[in-house]
Trainee: 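Below: one structure in structure tokens.
Atoms considered below: every heavy atom in the structure, side chains included; atoms not considered: hydrogens, waters and symmetry mates. Atoms within each ligand, like the ligands themselves, are counted from 1 in listed order.
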Amino acid sequence: MYTCASCSVYACGEEHPEKLPKNCPMHQEALMQTVLETYALPENREFYITASELEALGYCQWPRLKETIRLCQAMGYTRVGLAFCRGLRQEAKVVDTLLRRAGLEVVSVICKTGGIDKERCGISPEGKVHPGNFEPMCNPIAQAMLLNHQKTQFNIALGLCVGHDSMFYKYSDALVTTLVAKDRVTGHNPAAAIYCAEGYFKDRL
Ligand code: SF4
């Protein structure tokens, strides 16, 4: 079992293979070779190198939004998908405008598309946020399939719920990046709860 999260050696950040902890994943030399070969596949090579070089170019200067736009431009994408949450529809408008301003064609799909009541997909009446009312289900599979149908070259997830985002990633044909990770409690800054895990958030985690 690998436990990088509790490692204090971090030999992977240096050229000191003799320091590897006993259960370090880097002992899996054959697997690491396969990994390198996987990056070399035509469908991965350009994307990975472009993303990595952009990381260096805008390092500590560009916000994620700009990194996302620059990645689309550097990859030569002309048509991108924007899968967004209804709760962030104002933010989606801003992102849509900025993407278009950068020369991209944007296909956007809201999470509530389909307008299907939650109970129709098996969610219990008590499992609704407001039981007893019509409540449209979030529909990440539809978001993915609609964008697939529109042949988007790259998809951007904006504020999809935990788990709904997973299903969107699963069904999207194009690679996906997450621009905003939804966190209703922290203004969509999940790291805040991590930073305050031993403090203000201690009793809420
Ligand atoms: S890869 Fe090895 S050295 Fe790096 S964090 Fe994991 S266990 Fe530690």
Trainee: So, 2.8 Å as the limit: is an N/O/S atom of Cys7 located closer than that to atom 4 (Fe) of ligand 1?
Mentor: no
Trainee: Which pair of non-hydrogen atoms, one from Lys19 and one from Val9, has the smallest distance, and what is that distance?
Mentor: O-CG1, 3.5 Å
Trainee: Run the numbers for me: atoms of ligand 1, each under 4.0 Å from some heavy atom of Ala11, listed by number.
Mentor: 3 (S)
Trainee: Could you identify the single nearest non-hydrogen protein atom to atom 6 (Fe) of ligand 1 and state the distance to 0.1 Å?
Mentor: Cys4 SG, 2.4 Å
Trainee: To check your reading of the model: name the closest protein heavy atom to atom 4 (Fe) of ligand 1, its residue, and the distance in Å.
Mentor: Cys12 SG, 2.4 Å
Trainee: Are Val176 and Leu104 linked, directly or through other ILVMFWY residues, by side chains that come within less than 4.5 angstrom of each other?
Mentor: no
Trainee: Identify the heavy atoms of Lys151 and Arg79 that sit nearest to each other, and give their distance.
Mentor: O-CD, 4.0 Å
Trainee: Would you mind reporting whether Leu65 and Leu98 have side-chain heavy atoms less than 4.5 Å apart?
Mentor: yes
Trainee: For atom 2 (Fe) of ligand 1, find the nearest protein heavy atom and state the residue, atom name and distance (0.1 Å precision).
Mentor: Cys24 SG, 2.3 Å
Trainee: Measure across Tyr169 and Thr178 and return the closest heavy-atom pair with its distance rounded to 0.1 Å.
Mentor: OH-OG1, 2.5 Å
